[in-house]
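Working notes, structure below.
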Amino acid sequence: MQEILILASYVFCLCPQGLVFTETNIRGLQQINCLSLLRRLEHLSISSEGNPITSFTLWKPYVLFRLAHFSLRTINDIEVSFDYVRLLS
């Protein structure tokens, strides 16, 4: 929970159910785990600039796995559909 509070000062809210992270130095999958503490999340965007996690090929599948209880609609402005999930697998 502490990490999400630290990141919160750098988060720009896209809408009440979405978050955009720009240059927040998200560097590990454990930081994604902190997002599971939110009450609701439909849209998530993590900019490649300033967020080393985006260089990992498995970060999007991990987000879908770890935040499955949210039923995310978009990740980085790409609709999360069955075909998209299958493509990431």
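Numbers here simply count residues along the sequence, with the first being 1.
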For residues 42-56, which residue pairs qualify under salt bridge (Lys or Arg N to Asp or Glu O under 4.0 Å), counting only residues two or more places apart or in two chains?
-> Arg40-Glu42, Glu42-Arg73
Any side-chain heavy atom of Phe70 within less than 4.5 Å of one from Leu38?
-> yes
If every non-hydrogen atom of Leu72 is compared with every non-hydrogen atom of His43, which pair is closest and at what distance?
-> CD2-N, 4.2 Å
What is the distance from atom CH2 of Trp59 to atom CD of Gln31, rounded to the nearest 0.5 Å?
-> 13.0 Å
Inter-residue atom distance Ser48.OG - Glu23.CD, 0.5 Å rounding = 10.0 Å
Any side-chain heavy-atom pair of Ile26 and Pro52 under 4.5 Å | no
Any side-chain heavy atom of His69 sitting closer than 4.5 Å to one from Ser36?
-> yes
Single-linkage hydrophobic cluster, 4.5 Å side-chain cutoff, Ile75 and Phe82 together | no
To the nearest 0.5 Å, how far apart are OG in Ser45 and CZ in Phe21?
-> 9.5 Å
Sequence-distant partners of Ser71, side-chain contact (heavy atoms from CB on, under 4.5 Å), two or more places apart = none
side-chain contact (heavy atoms from CB on, under 4.5 Å) involving Tyr62 - partner list, sequence neighbours excluded = Leu29, Ile32, Asn33, Phe65, Arg66
Side chain to side chain, Leu44 and Asn76, heavy atoms closer than 4.5 Å = no
Report the residues that fulfil side-chain contact (heavy atoms from CB on, under 4.5 Å) with Glu79, sequence neighbours left out, ordered by chain and then residue number.
-> none
Run the numbers on Asn51 and Thr24 for side chain to side chain donor-acceptor pair (under 3.5 Å), then give the verdict.
-> CA-CA 6 Å; Asn51 294 303; Thr24 51; 2.8 Å; yes
With Ser81 via side-chain contact (heavy atoms from CB on, under 4.5 Å) - residues at least two apart | Asp83, Tyr84
So do Ile53 and Ile46 actually touch side chain to side chain, heavy atoms under 4.5 Å?
-> yes
